[in-house]
Student: 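Quick one: the structure is below, and I'll ask about it shortly.
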Amino acid sequence: MAKRLEGRAAVVTGAGRGIGRAIAELLAAEGAAVVVNDLGAEVDGRGASRRVADEVVEAIRARGGRAVANADSVADFAAAERIVETAVKEFGAIDILVNNAGILRDRMIFNMSEEEWDAVIAVHLKGTFNCTRHATRRMREQRRGRIISISSTSGVYGNSGQANYGAAKDGIAGLTRVAARDVGRYGITVNAVCPGAMTRMTATAPNAASRRARASAASRSATSAPRT
């Protein structure tokens with residue numbers, strides 16, 4: 001690695017597994033000191049285990065990188081401030097924030113409960129706001145910073161059974177556009193990406209198998225449809 005991020009400090013939320021872990025490890029390999037944030041919850045957001053974040057920190061340190069663990073919830077406003085302040089306390093600044101934390105509680109819209117809606121919105125959309133808000137306060141003082149939030153094609157195009165997740169992810173895209181305008185003058189960039197990957201979340205998501213089956217059936221139907 002070229003160590004392009006030597007001397008920089010990063011926070012990655014939801015960094016205990018999947019895309020978040022890969023991002024944290026890559027940032028560390030490029031020389032950044034990383035706060036590995038992960039509540040250690042199940043895919044649906046229930047439960048917690050600090051060991052999840054600790055394992056990533058151990059892996060980064062074993063390769064000669066710098067990292068510390070944080071197990072706070074991004075959905076809590078005060079806890080999100082602690083996540084950001086961990087970087088400042090341990091590494092002297094926060095130069096990079098990656099908003100990646102997320103959960104799934106899939107349900108068809110006519111069956112979705114208020115709690116299922118609120119839980120997903122709280123982690124994805126409110127969590128992204130919480131961390132971005134606290135990070136931009138620090139970054140504004142520093143006159144520098146990079147924020148990258150993870151959106152999803154579920155928000156851009158829509159996936160059956162994911163009204164809560166899709167709304168949150170499209171909301172992140174809107175939040176990103178506004179935040180970029182708010183803080184661009186202070187040397188801070190704010191962007192969002194819509195990655196595609198097979199992770200624990202996609203593999204174990206409720207209704208994932210049925211969505212794949214419907215997509216496959218639709219594809220077969222389109223292929224076999226008579227031409228006119």
Side-chain angles (χ1 to χ4, degrees), residues 11-21 37-53 70-84 97-134 148-179 192-218:
V11 170
V12 184
T13 69
R17 304 180 179 97
I19 292 173
R21 176 168 183 163
N37 162 260
D38 202 296
L39 184 62
E42 298 301 321
V43 172
D44 64 3
R46 296 181 174 91
S49 172
R50 185 181 178 89
R51 185 62 190 157
V52 173
N70 175 281
D72 282 311
S73 171
V74 299
D76 182 291
F77 188 78
E81 183 173 21
R82 289 196 298 271
I83 296 169
V84 170
L97 168 66
V98 180
N99 290 304
N100 173 76
I103 65 171
L104 284 181
R105 300 227 184 145
D106 287 8
R107 191 85 64 188
M108 299 298 284
I109 187 66
F110 43 79
N111 289 325
M112 185 172 290
S113 70
E114 181 181 16
E115 194 274 335
E116 288 166 337
W117 173 271
D118 288 346
V120 172
I121 296 295
V123 175
H124 287 277
L125 186 53
K126 186 183 178 188
T128 296
F129 161 73
N130 287 344
C131 292
T132 299
R133 188 273 185 191
H134 294 304
I148 304 97
S149 299
I150 306 300
S151 185
S152 171
T153 54
S154 181
V156 177
Y157 302 113
N159 275 340
S160 179
Q162 291 193 314
N164 47 9
Y165 181 81
K169 288 303 193 183
D170 215 21
I172 287 171
L175 171 60
T176 297
R177 287 188 288 269
V178 174
V193 295
C194 297
M198 287 301 296
T199 66
R200 180 185 70 135
M201 182 174 284
T202 57
T204 63
N207 298 325
S210 61
R211 283 200 300 272
R212 287 194 295 270
R214 287 195 297 273
S216 177

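Source: prediction; values computed, not measured.
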Student: How far does OG of Ser151 sit from CG of Leu125, to the nearest 0.5 angstrom?
Tutor: 10.0 Å
Student: Counting neighbours of CD on Glu114 that are heavy atoms of other residues, nucleotides or ligands and sit closer than 6.0 Å, is the number greater than 12?
Tutor: no
Student: Minimum heavy-atom separation for Gly102 to Val123, with atom names?
Tutor: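 The answer is CA-CG1, 3.7 Å.
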Student: Hey, is the main chain of Ile83 close enough, under 3.5 Å, to the side chain of Asn37 for a donor-acceptor pair?
Tutor: no
Student: Work out which heavy atom in Val156 is nearest to a heavy atom in Cys194; give both atom names and the distance.
Tutor: CG2-SG, 4.1 Å
Student: Closest approach of Asn130 and Ala80, non-hydrogen atoms and distance?
Tutor: CB-CB, 3.5 Å
Student: To the nearest 0.5 Å, tell me how far Glu116 CD sits from Leu104 CG.
Tutor: 11.5 Å
Student: Hey, what do you get for CG (Asp72) to OG1 (Thr13), rounding to the nearest 0.5 Å?
Tutor: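 That separation rounds to 12.0 Å.
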Student: Counting N and O atoms only, with roles assigned by atom type, does the side chain of Asp38 sit under 3.5 Å from a partner on the main chain of Ala53, one being a donor and the other an acceptor?
Tutor: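 No, because the side chain of Asp38 does not come within donor-acceptor range (under 3.5 Å) of the backbone of Ala53.
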Student: Would you call the rings of His134 and Phe77 parallel, tilted or perpendicular, where under 30° means parallel and over 60° means perpendicular?
Tutor: tilted
Student: What's the spacing between Leu175 CG and Asp170 CG if we round to 0.5 Å?
Tutor: 11.5 Å
Student: Looking at every heavy atom in both Gly161 and Met112, which two are closest together, and how far apart are they?
Tutor: O-CE, 4.5 Å
Student: Distance check, rounded to the nearest 0.5 Å: Arg105 atom CZ versus Asp44 atom CG?
Tutor: 5.0 Å
Student: To the closest 0.5 Å, what do you measure between CD1 (Ile150) and NE2 (His124)?
Tutor: 11.0 Å
Student: Minimum heavy-atom separation for Ser149 and Thr176, please, with both atom names.
Tutor: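 Heavy atoms of Ser149 and Thr176 come nearest at CB-OG1, 4.2 Å.
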Student: Where is the tightest heavy-atom contact between Gln162 and Ser154, given as atom of each residue plus distance?
Tutor: OE1-OG, 2.9 Å
Student: So, does Lys126 use its side chain to make a donor-acceptor pair with the main chain of Asp76 at under 3.5 Å?
Tutor: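 Not confirmed, Lys126 side chain does not pair with Asp76 backbone.
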Student: So, the side chain of Asn99 versus the backbone of Cys131: is there a donor-acceptor pair under 3.5 Å, distance only?
Tutor: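 The answer is no, because no donor-acceptor pair under 3.5 Å joins these two groups.
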